[in-house]
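Computed from heavy atoms alone, side chains included, the values below leave out hydrogens, waters and symmetry copies. We name chains A, B, ... by the order of the sequence lines, and we start the count at 1 in each one.
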2 protein chains.
Amino acid sequence: MDETHSPPLALDQLPGHLIRRLHQIAVGIFLDESRQFDLTPVQFAALDAICARPGLDQIGLSGAIAFDRTTIGGVVERLEAKGLIDRRVGQADRRTRELYITEQGRQLLDAITPAVLRTQERILYPLAPEERRQVLILLDKLVSQNNPFSRSPIKGD
Amino acid sequence: MDETHSPPLALDQLPGHLIRRLHQIAVGIFLDESRQFDLTPVQFAALDAICARPGLDQIGLSGAIAFDRTTIGGVVERLEAKGLIDRRVGQADRRTRELYITEQGRQLLDAITPAVLRTQERILYPLAPEERRQVLILLDKLVSQNNPFSRSPIKGD
DNA sequence: ATATAATTGACAGTATGCTGATTAATTTGA
DNA sequence: TCAAATTAATCAGCATACTGTCAATTATAT
């Protein structure tokens, strides 16, 4: 027998594949729930972080929500084009762009928040209450302890 | 008091955000482990599925590993350009393109498999053995039961 | 048999998410 | 002080991941 080839891996049992699928599902539910607001999950995350920390620059925003710093450029550009944030040249450091949420941005954030909360409930809906607590603890453990290996590691406050 | 605005949500406690972060981390580990093979996670998944089911068409491949059918087009195009798969016009249905792994593709799949397995171990490394079993069970439950709501639901065999 | 439906794959367009290079501004160090 | 290193943002380029649309092909229904 010249059987030099290993059998294909069963993808649907690999953690990486399960994680990719779950992410795909979570994004799908988010877009379904917030269809009327024309905001992507990443745009929501950025808007939420800018609201929480006004005057943040783009690198700071990357660190706060773990985006690649190049990706953030396009995201804030689109948020600015929609009138949801302002971008001002930094006072202390003119290389930076300080980010501020606009009144319109605040109103959208308020309006979309219930949809975002419904999204989280729908994602976890298949699990029993105790399992939901469990999975959040395990996901948090995986994310925080693998954080150093991530491409865009979270910076602590 | 005219406090009409709710406080920003704590992103790092939202399931959707944790899932996005974990996916980002998993992809990063995959690319790190398989750097020398020049294959992305999605390309690996497609190659693995084509190996397991030779003659599959592109829609069938989408259904097997939950890709959008448009996304698959570019993926198989790049796999074909690298000489890892063949694409032939379907005999029974000339609309389809039947996908076959090449000998070169099989060899790459063999070579990359240990790296893919190491990737899975690194993803789960922060967890104790019992927690690893738990999280896989919970992820599988979330994925399979939310599958109908996904944009690219898995088709059963 | 033939008009209509549905299906496969392709294409255009948009939005992440990354690499690597470049520019402008600031900081460091000899 | 002034050249060198560093940093913030941008740009070009590539690969997912989705929407919609379209042409070619097949299935259906009268």
Side-chain angles (χ1 to χ4, degrees), chain A residues 16-17 19-21 23-32 34-35 38-46 56-63 65-82 87-99 150-153 155, chain B residues 16-17 20-32 34-35 38-46 56-63 65-82 87-99 150-153 155:
Chain A
H17 188 72
I19 292 164
R20 184 184 73 81
R21 287 278 290 132
H23 179 240
Q24 180 185 43
I25 287 166
V27 171
I29 293 175
F30 183 104
L31 294 178
D32 183 50
S34 56
R35 192 175 300 144
D38 188 33
L39 207 67
T40 66
V42 170
Q43 288 169 13
F44 166 75
L56 206 61
D57 67 1
Q58 297 184 187
I59 297 277
L61 179 56
S62 301
I65 55 184
F67 288 171
D68 178 86
R69 81 180 188 292
T70 304
T71 302
I72 221 62
V75 174
V76 297
E77 188 179 308
R78 283 179 283 275
L79 288 175
E80 190 183 31
K82 292 183 196 179
R87 203 159 28 155
R88 305 181 207 149
V89 172
Q91 297 297 311
D93 185 340
R94 301 214 319 285
R95 288 172 302 184
T96 65
R97 300 286 178 276
E98 296 173 351
L99 306 172
S150 167
R151 297 316 198 19
S152 309
K155 306 279 185 51
Chain B
H17 188 72
R20 184 183 73 82
R21 288 279 289 132
L22 185 55
H23 178 239
Q24 180 184 41
I25 287 166
V27 171
I29 293 175
F30 184 104
L31 294 178
D32 183 50
S34 56
R35 192 175 300 146
D38 188 33
L39 206 66
T40 67
V42 169
Q43 288 169 13
F44 165 75
L56 205 61
D57 67 1
Q58 297 185 187
I59 296 278
L61 179 55
S62 301
I65 54 184
F67 287 170
D68 179 86
R69 83 178 189 292
T70 303
T71 301
I72 222 59
V75 174
V76 297
E77 188 178 308
R78 284 180 283 274
L79 289 176
E80 189 182 32
K82 292 184 197 177
R87 201 155 35 151
R88 305 180 207 148
V89 172
Q91 297 297 311
D93 185 341
R94 301 214 320 283
R95 287 171 303 185
T96 66
R97 301 286 177 278
E98 296 173 352
L99 306 172
S150 166
R151 298 318 199 18
S152 309
K155 306 280 186 52

- request: Please name all residues satisfying side chain to side chain contact (heavy atoms under 4.5 Å, CB included) with B:T70, sequence neighbours left out, ordered by chain then number.
  value: B:D68
message: With heavy-atom distances below 4.5 Å as the criterion, would you say the side chains of B:Q24 and A:F67 are in contact?
response: no
message: Could you tell me if the side chain of B:L31 sits less than 4.5 Å from the side chain of B:P41, heavy atoms only?
response: yes
Using residues 72-80 of chain A as the side-chain source, report each donor-acceptor pair under 3.5 Å to any protein atom, sequence neighbours left out, with the distance given to one decimal.
from, atom 1, to, atom 2, distance (Å)
A:E80, OE1, A:R87, NE, 3.4
A:E80, OE1, A:R87, NH2, 3.1

message: If I take atom CZ in residue A:F44 and atom P in nucleotide C:dA15, what distance separates them, rounded to the nearest angstrom?
response: 19 Å
statement: In whole angstroms, the gap separating P of C:dT14 from CG of B:D68 amounts to 17 Å
- line: Nearest heavy-atom approach of A:R69 to A:S62 is CA-OG, 3.3 Å
task: Taking side chain to side chain contact (heavy atoms under 4.5 Å, CB included) as the test, write out the residues that go with A:D38, two or more places apart.
output: A:K82
Heavy-atom pair with the smallest gap, counting every atom of B:T96 and B:D93: OG1-O, 2.8 Å
For atom CZ of B:R94 and atom C1' of C:dT7, their distance in whole Å: 15 Å
- prompt: Could you state the interatomic distance from CD1 (B:I29) to CG (B:D32), rounded to the nearest 0.5 Å?
  reply: 8.0 Å
message: Can you work out whether A:H23 or A:Q91 has the more 5'-proximal nearest nucleotide on DNA chain C?
response: A:H23
query: Within this structure, what is the CD1-to-P distance between A:I72 and C:dT16, rounded to whole angstrom?
result: 9 Å
- prompt: To the nearest Å, how far apart are A:F30 CZ and D:dC18 C1'?
  reply: 15 Å
Filtered N/O pairs between nucleotides 2-4 of chain D and protein, under 3.5 Å:
none

Syn/anti state for C:dA5 [syn: chi within 90° of 0]: syn
query: Any idea how A:H23 and B:H23 line up, ring-wise: parallel (<30°), tilted (30 to 60°), or perpendicular (>60°)?
result: parallel
- request: Between protein and nucleotides 9-16 of chain D, map the contacts as a letter string: B base, S sugar-phosphate only, - none, heavy atoms under 4.0 Å, written 5' to 3'.
  value: BBBB--SB
- request: Report yes if some heavy atom in the side chain of B:I65 is under 4.5 Å from a heavy atom in the side chain of A:H17; otherwise report no.
  value: yes
- prompt: To 10°, what angle do the rotation axes through the five end pairs on each side of the helix from C:dA6-D:dT25 to C:dA30-D:dT1 form?
  reply: 10°
Whole-Å distance separating the CZ atom of B:R21 from the C1' atom of C:dT16: 15 Å
message: What is the separation between atom CD on A:Q24 and atom P on D:dA17, rounded to the nearest whole Å?
response: 7 Å
Whole-Å gap separating P (D:dT6) and CG (A:D93): 17 Å
query: Do A:D57 and A:R97 touch side chain to side chain, with heavy atoms closer than 4.5 Å?
result: no
